[in-house]
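Letters go in sequence order (proteins before strands), and every chain restarts at 1. These numbers were taken from a predicted model, which means no experiment stands behind them.
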Amino acid sequence: MTDTRGRLNIDAGQGQWNLSGSIDETSALTELLSRAQNGVLVLDLAGVTFINSLGVRDWIRMQSEATRQGIAIELRRVSEPIIHQLNMIIATRGNSRVTSFYAPYACDSCGREESQLIDVAANAVGLANLVAPSITCPECAAQMAFNDFPERYFSFLVPETPRPS
Amino acid sequence: MPEASILIVHPDRKTQRVVHRILGVTGYRIEIADQLEQGMRLLQHVAPKLVVVDGSAAQSPQAAAFFEAARARGTEACMMLLGTAAIDQVPQILDMGAVTNLLVHPMPVLAEELTITAHKLMRGDLFGVEKYLLWGTDLHEITITRASQRSHVVAGLSESIRAHGQSARVASMTMLVADELISNAVHNAPVDAKGHHYRAEMARDIEIELDERHHVRVRWGCDARYVAVEVTDPFGSLDRDTILRSLAQHDVRESGGGAGMGVALSYRSCDHLVFNLAPGKRTQIIALVDVRYPPTERIPASSYNVFVESSP
């Protein structure tokens with residue numbers, strides 16, 4: 001059964017909650033924490049297509065509250081709009097752990113552009129060196145190229161060093 | 001009173017010549033200096049309407065004094081040109097709070113953006129997204145008459161952009177920018193006679209019917225170079241210093257999501273953000289998303305312009 005808040009839909013999955021649609025001022029994300037099991041909240045974000053600044057604020061509130069309550073958040077199949085926010089605003093990361101995420105790829109051969117799923121554990125070594133995994137184009141079987149700057153797109157995976165005061 | 005002119009301060013002779021050729025079409029006298037010190041000396045004798053400075057000047061200890069001197073001489077706009085090699089100076093430039101126009105460009109310089117900026121300044125004709133799009137581009141127009149319309153307009157805009165063959169990335173960036181700009185126009189722009197922003201603290205999910213005085217105009221178009229979104233409110237309450245402070249939130253990275261984050265996010269989600277301000281009359285913000293090149297072939301920084309209409 002779908003729980004709809006504004007433009008965000010929340011559906012129960014296998015040991016996780018699947019979010020889809022838009023995260024904005026109507027999403028009330030902090031309430032999701034009550035759905036944590038054994039101190040862990042698992043969110044699948046593949047279907048999230050949009051998050052605005054009010055949604056970002058709500059997201060940060062959820063992360064802060066999770067930290068306060070000692071709830072660990074695992075983020076699976078994180079969509080590109082969420083990755084952009086994780087990269088731009090450190091506070092959105094909270095103490096959550098990203099286990100897989102979508103990244104933009106383009107095929108130089110046929111011009112196809114596609115968001116491809118990357119498993120963090122399976123590609124840990126390459127990602128630590130900011131190297132995008134190899135992907136084969138599903139249309140023409142040529143090698144697809146990562147379609148963003150790796151040092152920018154993968155920066156959410158790199159622990160932030162404190163800035164000098 | 002000295003003749004109105006344009007002052008170019010750039011250490012590279014080739015760039016000086018290129019910029020001179022581009023700005024020469026405005027018909028204004030062009031003054032050229034190699035360094036800020038020389039520019040400071042020239043400012044004692046000229047009153048440039050526009051100063052164009054190389055991005056490397058941001059590191060100079062004389063930069064702040066130079067911009068202050070230019071303003072004292074009546075300079076309306078300080079433009080900084082930033083090439084690929086100097087991208088890491090963007091936070092420093094934004095922190096200065098004096099650069100009203102930042103033009104991020106591949107070398108030697110992006111002629112079309114520079115020309116548009118110069119013409120707008122010199123002619124005092126600031127408003128309209130048409131100036132950034134090719135002739136013949138269809139512009140779609142929507143008037144926002146109630147607050148809840150924002151989400152529908154943004155969703156419709158995204159669908160329309162996808163239907164025009166643009167990528168999901170372009171649609172996503174455009175959605176974010178349009179949402180922030182409309183939200184700003186509906187909630188932050190309205191001010192009363194005392195300058196109080198009476199809707200700024202209202203919850204964004206509460207429905208508000210907007211009377212004609214509060215209508216927000218949204219226009220957008222795509223010319224196969226840019227997707228352009230223009231949002232106009234009839235209050236003109238946004239000022240130059242607030243904008244420059246918001247843009248300087250490069251620590252949007254560490255932000256807890258406070259006020260001004262919408263402008264900062266919009267700036268970082270498009271390739272060029274233009275503010276056209278007529279104080280007390282209207283504010284128009286134009287966001288341009290470049291659709292020509294894949295992200296990896298572009299410069300990882302965005303341009304901005306802040307134009308303020310002169311009082312008659």
Side-chain angles (χ1 to χ4, degrees), chain A residues 5-8 21-28 48-61 63-64 79-93 102-108 111-115 132 145-153 155-156 160 162-163, chain B residues 87 91 147-148 150-152 154-155 157-159 162 165-184 187 202-206 246 249-269 293-301:
Chain A
R5 292 136 184 241
R7 293 184 289 156
L8 180 69
S22 300
I23 297 177
D24 60 17
E25 61 275 17
T26 59
S27 301
V48 176
T49 53
F50 177 71
I51 178 167
N52 65 8
S53 64
L54 299 162
V56 167
R57 270 174 228 182
D58 200 25
W59 178 273
I60 292 170
R61 267 196 293 271
Q63 291 278 16
S64 304
S79 65
E80 289 186 39
I82 299 291
I83 293 293
H84 287 303
Q85 299 304 330
L86 294 177
N87 284 330
M88 272 198 284
I89 305 171
I90 290 171
T92 58
R93 300 176 200 171
Y102 283 92
Y105 277 79
C107 178
D108 282 341
R112 182 181 176 121
E113 290 182 13
E114 200 162 87
S115 214
F146 182 63
N147 202 19
D148 205 326
F149 297 98
E151 63 276 17
R152 185 172 64 182
Y153 198 84
S155 66
F156 71 96
E160 190 71 14
R163 291 177 188 223
Chain B
I87 290 304
S148 64
R150 169 169 54 99
S151 57
H152 304 296
V154 169
L157 178 59
S158 172
E159 280 170 25
R162 292 290 279 153
Q166 298 301 334
S167 67
R169 184 191 67 84
V170 168
S172 171
M173 288 166 80
T174 311
M175 275 178 90
L176 178 60
V177 171
D179 187 275
E180 298 298 342
L181 298 186
I182 295 170
S183 179
N184 182 65
H187 287 91
M202 286 179 77
R204 303 297 160 107
D205 55 345
I206 291 176
S246 300
Q249 280 192 11
H250 48 86
D251 274 338
V252 70
R253 286 174 59 80
E254 288 162 5
S255 165
M261 191 167 77
V263 169
L265 281 185
S266 299
Y267 174 54
R268 283 155 184 80
S269 302
Y293 312 108
T296 46
E297 291 178 23
R298 300 213 309 270
I299 300 170

Can you tell me how far [atom2] of [Y] sits from [atom1] of [X], rounded to the nearest 0.5 angstrom?
X      : Y      : atom1 : atom2 : result
B:N184 : B:D179 : CG    : CG    : 11.0 Å
A:R93  : A:Q63  : CZ    : CD    : 11.0 Å
A:N52  : A:R57  : CG    : CZ    : 9.0 Å

**Report entry** Max heavy-atom pair count under 4.5 Å with chain A, selected residue of B:S151, B:A171, B:S172, B:S167
**Finding:** B:S151

Query raised in the report: Which one, B:D205, B:L176, B:V154, leads in non-hydrogen pairs under 4.5 Å with chain A?
Result: B:L176

**Report entry** Residues in side-chain contact (heavy atoms from CB on, under 4.5 Å) contact with B:E159, at least two apart in sequence or another chain
**Finding:** none

Report summary line: Honestly, the part of B:S266 sitting under 4.5 Å from a heavy atom of chain A is neither

